[in-house]
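Below is one structure; the comments refer to it alone.
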Amino acid sequence: MLKRLKNIFREKSKINTSEDIERSKHFCMLPWIHTHLLPNGDVLPCCVSDFNDPYANVNDKSIKEAWNSDKYNATRKLMLSDRPVYSCSKCYELEESGIDTMRKQMNSWFKHHVNVLKDTKPDGSSTNLEMRYLDIRFSNICNFKCRGCSPALSSSWYEDHQKLWDFKSEDKKLINLTDANPALWEEIEDSLEHIEIAYFAGGEPLMMEEHYQCLELLIVKGKTDVELHYNTNMSVLKFKKYDLLHLWKQFKKINLSISIDDIEARGEYFRSGLNWSKFVENVNKVQSELTNAVYEINCTLQIFNIHRIPQIHFYFYNKKIIDEYGFIFNTLQDPTEYRTQVLPKRFKESAEVKLKAYMGLLKQTHPDADWSEFFGTLISQINYMNSEDRTHLLENFQIQTERLDRIRSESFKDTYPELLEMLDS
């Protein structure tokens, strides 16, 4: 391994221009302009990196020290050679099915910083690391316990997770990054000087005090031109002393990615904690008062809802909450038994027929809309669903679903009668 790395270190960089970045297969800008922090202090290249492969921990290193750790440095060298990085495998897997990924998105957004690559030293380290993209998960606090989540990113999952897997956790229910390391806040505050895009996700970011402190600091620093991006369940508009709408109105551009995976009873089932009527009320209030926002629906595509995309999309498009560009898919990869690839063949075929029929309907009823991006994404999701046969995980799906139903007094049978035959396949 060491010999291989030494050989890579001697290689001439293949990534020198923004065109090289666009053409790359494995390179990503993020290790030069961003580092991702989890509530427990673990450091990762980004939010879709393998959580089991942390690069460092800020409880024993500063952000800059962690950013120049051996693992980070090796990653930069591999990327400059356009070689694959183990912790980035999720992006590579999705790209094989033509799905847009974090890697491609970040390269598009930040390729104008290509010159920072020249500051990379032969060992992969850099003295010119400035945070341009902020994504720090300050806490795992969340009032939802979505079936595709876990206690690492939802405090509400804590008790159910122990009951589900029949064990007693020694971990804390509520984890807070800056409580464990107060000096870290000074580093975060300094990093705000260079931020171009600030992304807040969770847990639930609208329940994190540090999120509001960041907004206030950006306002004080006169950096209201920073783009604010969110992934939020939209359940909270006022938190402690903070009036969210008042703060948001002071920024030039806000991208609200509203996380919702189905509507009405099915939405409440998968995203336990969701109150559908309150959700609708909050979305309507924000839309009526906020003029500086772009709205997206961020839908996590999985075994429960791929056949429901026509109903879900139609609801939000028909209500004019989104335009033709505003429905974004998050492809669920963990837990693996919830992947769309687990569906039996005839259920995959049925879902594909429904999705393609819906594309035809949209084209017919809204011919002036540009559906190319939405249709392309749907086709990529169909390709991903069909790319593997994971029906051997159906038994795991059934066991986990029934256990969680008993714990939560919920019913898959009553909520998804159309999927019951799947368990007999």
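All values below were derived from every heavy atom in this structure, side-chain atoms included, with hydrogens, water molecules and symmetry-related copies excluded.
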Quick one: do Asp261 and Asn330 satisfy side chain to side chain donor-acceptor pair (under 3.5 Å)? Show the steps, please.
-> CA-CA 10 Å; Asp261 306 317; Asn330 175 32; over 6 Å; no

Residues in salt bridge (charged side-chain N to carboxylate O under 4.0 Å, His left out) with Glu95, at least two apart?
-> Arg103

Where at least one partner belongs to residues 36-64, residue pairs that pass salt bridge (charged side-chain N to carboxylate O under 4.0 Å, His left out), sequence neighbours excluded = Asp53-Lys71

Shortest non-hydrogen contact from Asn57 to Asn40?
-> ND2-O, 3.2 Å

If every non-hydrogen atom of Thr340 is compared with every non-hydrogen atom of Lys348, which pair is closest and at what distance?
-> O-CE, 3.8 Å

Classify the angle between the aromatic ring planes of His161 and Phe167 as parallel (below 30°), tilted (30 to 60°) or perpendicular (above 60°).
-> perpendicular

Which heavy atom in His36 sits nearest to a heavy atom in Tyr72, and how many Å separate them?
-> N-OH, 4.4 Å

In terms of heavy-atom contacts, does CG of Asp166 have more than 12 from other residues, nucleotides or ligands at under 6.0 Å?
-> no

Pair Asp20 + Lys111, salt bridge at N-O below 4.0 Å = no

Which pairs count as salt bridge (charged side-chain N to carboxylate O under 4.0 Å, His left out) when at least one residue sits in residues 294-313, sequence neighbours excluded?
-> Asp262-Arg308

Give a yes or no answer on whether the side chain of Ser272 reaches the backbone of Tyr269 with a donor-acceptor pair at less than 3.5 Å.
-> no

If you round to the nearest 0.5 Å, how far is OG1 of Thr224 from NZ of Lys252?
-> 6.0 Å

Can you name the residues that form a salt bridge (charged side-chain N to carboxylate O under 4.0 Å, His left out) with Glu19, not counting sequence neighbours?
-> none

Indicate the ring-plane relationship of Phe374 and Phe329, choosing parallel, tilted or perpendicular according to the 30° and 60° boundaries.
-> parallel

Smallest separation among heavy atoms of Ala351 and Ile306, with atom names = CB-CG2, 4.2 Å

For Tyr230, enumerate each residue passing the ring-ring contact (aromatic ring centres under 6.0 Å, His included) test, keeping only those at least two apart in sequence or located in another chain.
-> Phe200, His211, Trp248

Sub-6.0 Å ring centroid separation between Trp109 and His229 | yes

Would you check if the side chain of Asn176 reaches a backbone N or O of Ser139 as a donor-acceptor pair within less than 3.5 Å?
-> no

Counting only N and O atoms by type, is there a donor-acceptor contact under 3.5 Å from the side chain of Asp190 to the main-chain atoms of Glu187?
-> no

Is Glu264 paired with Arg266 through a side-chain N to carboxylate O contact shorter than 4.0 Å?
-> no

Which residues share a salt bridge (charged side-chain N to carboxylate O under 4.0 Å, His left out) with Lys221, sequence neighbours left out = Glu193

Would Tyr416 and Phe304 count as a close aromatic pair, with their ring centres under 6.0 Å?
-> yes

